[in-house]
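Accompanying notes for the structure given below.
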2 protein chains.
Amino acid sequence: MIEGEKLVNEALNSNSQLVDEVFILESSLSEWEAKLSKLNIEPHIINSKELSQLSKLTTPPPILALCRHFNNSFDSGAILNKVSLYLHELRDPGNMGTIIRTADWFGIETILCSQGCVDIYNPKLIQSSMGSIFRVKLFYDDVFNLKEFKGKTTMYAAALNGTDIFKENSIDNCIILLGSESHGLPEELLNLADKIITVPKRDYSKAESLNVAVAAGIICSQLVIT
Amino acid sequence: MIEGEKLVNEALNSNSQLVDEVFILESSLSEWEAKLSKLNIEPHIINSKELSQLSKLTTPPPILALCRHFNNSFDSGAILNKVSLYLHELRDPGNMGTIIRTADWFGIETILCSQGCVDIYNPKLIQSSMGSIFRVKLFYDDVFNLKEFKGKTTMYAAALNGTDIFKENSIDNCIILLGSESHGLPEELLNLADKIITVPKRDYSKAESLNVAVAAGIICSQLVIT
């Protein structure tokens with residue numbers, strides 16, 4: 001279920017076949033009628049009591065939609081030629097959604113996820129992706145094995161003790177590995193990577209780490225050609 | 001109130017006089033006894049039922065503390081010689097806390113906030129700052145007037161239509177203006193700024209914007225000397 005004008009609009013724009021059912025307040029129907037009828041979608045008109053029963057938000061927006069599950073097919077060739085992210089056991093749906101949004105901004109099309117990551121259909125993940133969930137493809141490691149990419153593309157692992165990311169040049173194809181909020185990347189993945197990279201902190205700073213979505217943004221801004 | 005080992009530890013390390021009362025489970029007392037007694041703090045030993053009544057988290061951590069309000073005195077001279085942030089009407093406590101954490105990473109000591117921003121004592125803001133709230137000073141615009149800094153330091157405003165941030169050099173002293181999640185910066189502040197800057201997106205990207213905390217991180221990583 002996706003909630004709100006922004007997300008419903010993004011879903012309809014990116015692939016209207018994803019949208020199964022639309023629920024809308026009568027008062028908002030006029031704004032949406034033309035668009036929905038053009039896409040042959042007959043909305044369910046509901047009242048505000050029904051809306052608040054359906055919605056998961058404290059302030060329900062006037063439009064909701066039920067979407068089909070994404071059914072992206074995995075293409076390892078596309079990984080080898082482009083910049084992709086790999087997320088290891090990210091537990092915070094807001095961080096995951098924000099990383100999806102950031103990937104979309106930098107033109108990253110694929111995010112690889114370990115099984116321990118937040119589910120792609122988590123409502124907070126979808127909300128914080130701000131519509132980017134309809135453009136960036138997520139795959140969980142039941143359909144890929146990260147080790148298979150070793151030697152075929154450059155793997156960068158983000159950690160606290162790597163080389164300065166600002167000394168790296170932008171690159172056409174690589175996988176950027178990012179670890180969980182509390183534990184970072186496990187030894188095994190640090191060993192798998194070709195290079196360990198770090199966002200350097202001010203010498204006198206006592207902060208222990210950056211938020212993973214912020215680190216992802218800074219690393220992408222440096223490695224991805226815009 | 002601050003919750004959890006990380007935050008209580010950061011509070012005790014940064015300024016133990018801030019900490020008024022400590023509440024702890026008996027089972028965790030042994031780990032903390034030496035530290036607390038060194039600081040002359042007598043903890044309240046509580047049971048898990050009392051803990052869950054006090055805690056605002058679904059999984060209460062074994063230690064909580066009540067802190068005094070910060071009482072930082074505003075020093076406009078410090079603003080003129082260093083890099084500071086100004087936040088306009090940021091409504092999301094997670095974003096505010098993450099920006100505080102990022103500022104701390106880059107050695108930024110002061111964040112100026114409009115009155116419309118999240119309150120400094122919001123529990124989610126404190127939690128997501130990961131202890132940086134005890135090192136970075138926040139001031140709301142009842143104690144300063146942003147216009148007074150005009151001409152005395154460089155003001156950068158983040159917006160979608162500015163010059164490429166990656167073409168800017170790092171700088172010793174400036175104020176970086178960041179706008180609200182939904183509306184960005186108002187016209188008045190864009191006009192006040194010396195330069196409007198943008199994190200460029202990939203030419204074909206359909207994303208509308210970056211999360212404000214991610215944008216802040218990328219901008220700081222470029223402007224601040226590390």
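Each chain gets a letter, A, B and so on, in the order its sequence line appears, and its residues count up from 1. These values consider heavy atoms only, across backbone and side chains, with no hydrogens, waters or symmetry-generated copies. Since the model is a prediction, treat every value here as computed from it, not as a measurement.
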### Contact origin within A/Ser209 toward chain B - heavy atom pairs under 4.5 Å
both

### Query
Any salt bridge between B/Glu10 and B/Arg135, counting N to O under 4.0 Å?
yes

### Query
If you measure from CG on A/Leu80 to SG on A/Cys174, what distance do you get to the nearest 0.5 Å?
11.5 Å

## Note on the structure
Turns out that what part of A/Phe106 lies under 4.5 Å from chain B's heavy atoms comes down to both

### Message
Is the distance between the ring centroids of B/Phe139 and B/Phe144 under 6.0 Å?
### Response
no

### Query
Can you list the steps and then say if A/Asn13 with A/Lys35 is a side-chain hydrogen bond (donor to acceptor under 3.5 Å, both in side chains)?
CA-CA 10 Å; A/Asn13 289 347; A/Lys35 179 156 202 167; 2.7 Å; yes

## Note on the structure
Under 4.5 Å to a heavy atom of chain B? For A/Thr98 that would be side chain

#### Entry: A/Glu208, part contacting chain B, at a heavy-atom distance under 4.5 Å
both

#### Entry: Contacting region of A/Glu109 [heavy-atom separation from chain B under 4.5 Å]
side chain

### Task
Tell me, out of B/Met130, B/Gln222, B/Lys206, who's got the most heavy-atom pairs with chain A below 4.5 Å.
B/Lys206

### Summary
Looking only at B/Ile218, B/Asn211, B/Leu210, B/Ile225, the option with the highest number of non-hydrogen pairs under 4.5 Å against chain A is B/Leu210

### Query
When rounded to the nearest 0.5 angstrom, what is the spacing between CG in A/Leu12 and CD1 in A/Ile2?
7.0 Å

### Task
Drop me the distance from B/Leu190's CG to B/Leu177's CG, to the nearest 0.5 angstrom.
8.5 Å

### Task
Name the option with the most non-hydrogen atom pairs under 4.5 Å to chain A; the candidates are B/Val199, B/Asp203, B/Ile108.
B/Val199

### Message
Does the plane of the ring in A/Phe70 sit parallel, tilted or perpendicular to the ring in A/Tyr121? Use 30° and 60° as the thresholds.
### Response
parallel

### Query
Which atoms of A/Val224 come close to chain B, meaning under 4.5 Å heavy atom to heavy atom: side chain ones, backbone ones, both, or neither?
side chain

